[in-house]
Amino acid sequence: MTLACDDAALSAARYALAFDTANEVIALGIGVLDAQNQVVTCLYSETIEAHRASNTQLIPRVDQALAQCGISRDQIACVVCGRGPGSFTGVRIALATAKGVAHALGVALVGVSTLEAIAWGAWQAGTRGTGVVVADAMRKEVYPVRFTLTDGGVERQDADTVVKAAVASEQLAAGQALDFVAGDGLRKYGELFEQCAPALDQEFWTASGQGLLLTLQAAWAAGKADPFDAERHNPSFTLPVYTRLSDAEENERMVLPKRPAKNLTTGVQGESIVYKPLDARAIDSVLAVDAAAPGREALEAATTCKTNLVWLAYEDDAPVGYVMGSVAVGVLTIERVFTLEQQAYALVESELLARMASDARDLGAVEYVREGQDPQALEGLLNNRDVAGMELRLGGEMISASIAPEARPLILALESSCDETAAAIVNGKGEIIANVVASQIDFHSRFGGVVPEIASRKHIEAICGVCDAVFEQAAEALEIPQMTWVDLDSVAVTYAPGLVGALVVGVAFAKGAAWAADKPFIGVNHLEGHLYANKIGSPDLQPPLVASLVSGGNTMLVHVKDWGNYVTLGTTLDDAVGEAFDKVAKALGLGYPGGPAISAYAAKGNPKAIAFPRAMMHSGDLQFSLSGLKTAVITYIHQEEDAGRELNLPDIAASFQAAVVDVQVAKAKTALEMTGAKEFCLGGGVAANPALREAYRKMCGKMGVRLTLPPMSVCGDNGAMIGLVALDRYKQGKFFDFTCDALAHTNLDEPY
């Protein structure tokens with residue numbers, strides 16, 4: 001729907017661009033902003049059936065809508081985005097795209113409720129009375145919120161929550177009389193809710209562009225939003241509405257293990273203080289250190305009730321502090337804060353509160369209260385460090401130069417394929433002028449591996465802060481006051497392979513930013529990035545060569561005939577090398593990530609102590625299998641425990657690592673002999689393993705093959721390696737369009 005406006009007025013106007021993909025549709029709107037009267041006039045509104053294709057359609061549809069209205073990108077004053085609740089992936093697609101667009105344009109990003117936008121759409125069509133919007137939450141659940149629609153507007157009656165559909169319908173039917181029901185939850189549960197009220201027409205079951213703009217206008221009039229205030233509505237601060245924790249976090253609080261944990265805190269290696277939510281095993285230790293603790297019954301309730309939160313701080317597996325709270329009706333109530341009275345723990349309280357506040361935000365809290373205090377915004381408790389509390393690492397081969405023509409092109413590359421949010425800027429000479437990685441290890445360590453849903457959530461929180469950091473670093477290196485998206489020549493991103501939910505965030509953000517900045521867009525294969533990581537330490541590296549790619553998700557040998565021309569010689573049939581390291585480390589109680597822990601213990605052990613199998617050593621091909629080895633190690637551990645013998649961790653680690661290395665080296669030697677290549681290189685997170693690196697040095701030395709190893713700092717996922725691939729693609733003119741999407745799997749051998 002497009003509304004007519006005076007052409008002269010339009011040319012001088014500023015606009016709000018609004019969209020939402022929380023459901024199975026793309027809701028798209030463009031509104032004229034009247035700053036004097038705080039009015040948003042809908043110029044364009046459209047609802048497009050997307051059917052899980054939002055990420056491929058959103059930017060092209062936005063581009064078409066602006067063109068149809070005769071509006072340029074620089075006339076956009078703010079971006080309005082539906083925050084949910086709804087499909088987690090759908091919400092993140094819209095929000096990541098909105099963050100990219102707003103960040104690149106330097107304008108405000110105003111997040112609004114998807115459910116309120118649905119209610120406002122119904123209001124605009126003349127609906128009045130009290131009704132409920134029930135959005136589908138999967139797992140036989142819905143997000144139900146009641147609204148009252150009067151001639152004066154829309155008033156929300158409930159906070160966001162998630163409830164079983166059957167329970168929600170019973171509660172609503174037993175409550176106040178309702179005049180209508182709407183929302184896409186009716187597609188699955190229409191019969192359940194027909195007892196509550198008549199259903200509105202299906203056009204009012206999802207958000208509309210006009211509904212989003214009306215929601216913005218209402219927030220503007222109420223002083224809750226200002227579409228012209230980019231500082232107040234920084235894209236970094238706008239996050240999805242989830243109303244629940246990830247499954248892994250919920251289960252963590254409720255599961256009682258059958259056997260005691262070998263390492264209760266399972267924290268990040270080398271940390272003196274480790275933070276972890278309360279589980280049932282730790283209740284006695286809390287009661288022991290705090291005489292004023294609320295009692296066993298209250299603590300046990302916190303391990304079974306999703307809205308009760310308790311976070312503990314440990315030092316040497318002993319609790320040194322904890323916080324306790326609960327979430328209800330959008331408010332976090334802080335019920336107990338305790339830390340030992342040592343100066344060393346001065347920062348423990350604030351860190352505990354920040355972690356509890358982060359969980360409370362996922363449960364729908366927007367405020368917090370403590371006894372004797374007025375309610376305050378939750379952001380004040382979060383200690384937001386722009387990268388969602390993640391460790392920020394800076395690095396790269398820094399240069400100092402102006403943005404001279406010979407330095408072009410300047411390419412920003414993003415990487416979000418797994419559990420690290422990374423960005424880098426490379427120049428036309430292949431020099432890395434900025435390189436930033438935000439690590440999520442702390443958030444996954446307590447689960448013994450990467451949790452995909454948590455990874456996706458952390459990427460959406462961190463991506464703007466990582467880009468801010470990389471621009472600051474680049475400006476310093478280039479000796480210029482400031483660097484922005486305008487200074488770039490292209491935007492690149494990892495599009496495959498990896499965790500698809502994590503990839504979606506990076507791809508959607510990068511597409512939004514590239515479109516807004518009007519820059520060419522480049523998609524990069526993550527595996528190819530690991531090949532190019534070798535060029536960071538050895539820029540003269542040239543094919544043909546054989547490469548071993550070993551990481552948490554991949555184990556493969558590749559014949560690199562030329563850059564961009566690859567033949568996969570062999571892959572793993574089951575577990576990847578990094579995955580096997582993590583699983584064995586978890587079985588030994590060594591924490592996550594497993595690679596560094598296994599390597600550290602192995603350095604002190606006897607690699608010949610235990611005869612673990614060398615799977616497929618003599619298979620006659622270049623395939624790998626790690627599952628049998630992993631099972632053999634775990635079986636050995638259980639046998640030793642059942643026999644009452646103490647585990648010799650160094651010997652187990654050394655023997656396991658030797659079994660892995662022996663097979664990797666033997667297969668690599670065969671690959672070099674088959675291809676006749678005189679160059680060999682390594683890539684992936686496991687490329688940092690000292691024993692593997694040393695074994696390859698010996699092998700290549702004996703074979704007269706040149707060995708190239710990536711610098712330790714870029715063995716893991718990073719943006720620099722993605723940027724180097726993108727530089728070649730830029731020079732070749734191989735760009736992606738905005739219909740591309742993230743892919744969990746892709747073939748490295750296929751032509752680019």
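Everything numeric here is computed off the predicted structure, so don't read it as measured data.
- Remark: the backbone N or O of Cys81 is not paired with any side-chain donor or acceptor of Asp20 at under 3.5 angstrom.
- A salt bridge links Asp575 to Lys583: one of the charged nitrogens lies within less than 4.0 Å of a carboxylate oxygen.
- Residues forming a side-chain contact (heavy atoms from CB on, under 4.5 Å) with Asn534 (at least two apart in sequence, or on another chain): Leu541, Cys681, Thr708, Pro710.
- Residues Glu249 and Pro277 have side chains not in contact (no heavy-atom distance under 4.5 Å, counting atoms from C-beta outward).
- A 4.5 Å side-chain heavy-atom check between Val567 and Lys561 finds at least one atom pair inside the cut-off.
- Between the side chain of Lys519 and the backbone N or O of Leu488 there is at least one donor-acceptor pair closer than 3.5 Å.
- Contact of the Ser358 side chain with the Lys458 side chain is registered, since non-hydrogen atoms from C-beta on lie closer than 4.5 Å.
- Taking the six-membered ring for Trp and the full ring otherwise, Phe736 and Tyr495 have centroids separated by under 6.0 Å.
- Side-chain N/O atoms of Thr421 and His459 include a donor and acceptor closer than 3.5 Å.
- Between the side chains of Asp540 and Ser538, no donor-acceptor pair of N or O atoms lies under 3.5 Å.
- Geometric assessment of Arg83 against the ring of Tyr242 yields a negative cation-pi assignment under the 6.0 Å and 45° thresholds.
- At least one side-chain heavy atom of Leu412 sits less than 4.5 Å from a side-chain heavy atom of Phe471.
- When atom types are taken as modelled, the side chain of Lys586 and the backbone of Gly448 share no donor-acceptor pair closer than 3.5 angstrom.
- Defined by atom type and a distance below 3.5 Å, a donor-acceptor pair is present between the side-chain atoms of Asp749 and Thr568.
- In this structure the side chain of Tyr592 reaches within 4.5 angstrom of the side chain of Asp419, judged on heavy atoms.
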* For Tyr275 and Asp442, run side chain to side chain donor-acceptor pair (under 3.5 Å): C-alpha distance rounded to whole Å, both residues' side-chain angles, the deciding distance at 0.1 Å, then the answer. => CA-CA 9 Å; Tyr275 299 88; Asp442 194 19; over 6 Å; no

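- Remark: side-chain polar atoms of Glu579 are not paired, donor with acceptor, to backbone N or O of Phe581 under 3.5 angstrom.
- The closest donor-acceptor contact from the side chain of Gln473 to the backbone of Asn435 lies under 3.5 Å.
- Formation of a donor-acceptor pair under 3.5 Å by the Ser490 side chain with backbone atoms of Pro520 is found in this model.
- Evaluated for a side-chain hydrogen bond (donor to acceptor under 3.5 Å, both in side chains) with His526, the options Asn554, Thr746, Asp717 yield exactly one hit, Asp717.
- With sequence neighbours left out, the side-chain hydrogen bond (donor to acceptor under 3.5 Å, both in side chains) criterion links Trp563 to no other residue.
- With 3.5 Å as the limit, one finds no donor-acceptor pair spanning the side chains of Glu453 and Ser456.
- Listed for the Thr56 side chain is no donor-acceptor partner under 3.5 Å among the backbone atoms of Asp741.
- Side-chain N or O atoms of Thr484 include one that pairs as donor or acceptor with a backbone N or O of Val486 at under 3.5 Å.
- Side-chain contact between Val584 and Ile598 is present, with heavy atoms from C-beta onward closer than 4.5 Å.
- Side-chain rings of Phe521 and Phe735 stay apart, their centers remaining 6.0 Å or farther from each other.
- For the pair Leu410/Arg408, a side-chain contact is recorded, criterion being any heavy-atom separation below 4.5 Å from C-beta on.
- Here Glu461 pairs with Arg361 in a salt bridge; the nearest charged N to carboxylate O distance falls below 4.0 Å.
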Acceptor/donor pairs from residues 501-515 side chains to any protein atom, 3.5 angstrom cut, sequence neighbours excluded:
from, atom 1, to, atom 2, distance (Å)
Lys511, NZ, Asn55, O, 2.3
Lys511, NZ, Phe738, O, 3.1
Lys511, NZ, Cys740, O, 2.8
Trp515, NE1, Asp63, OD1, 2.9

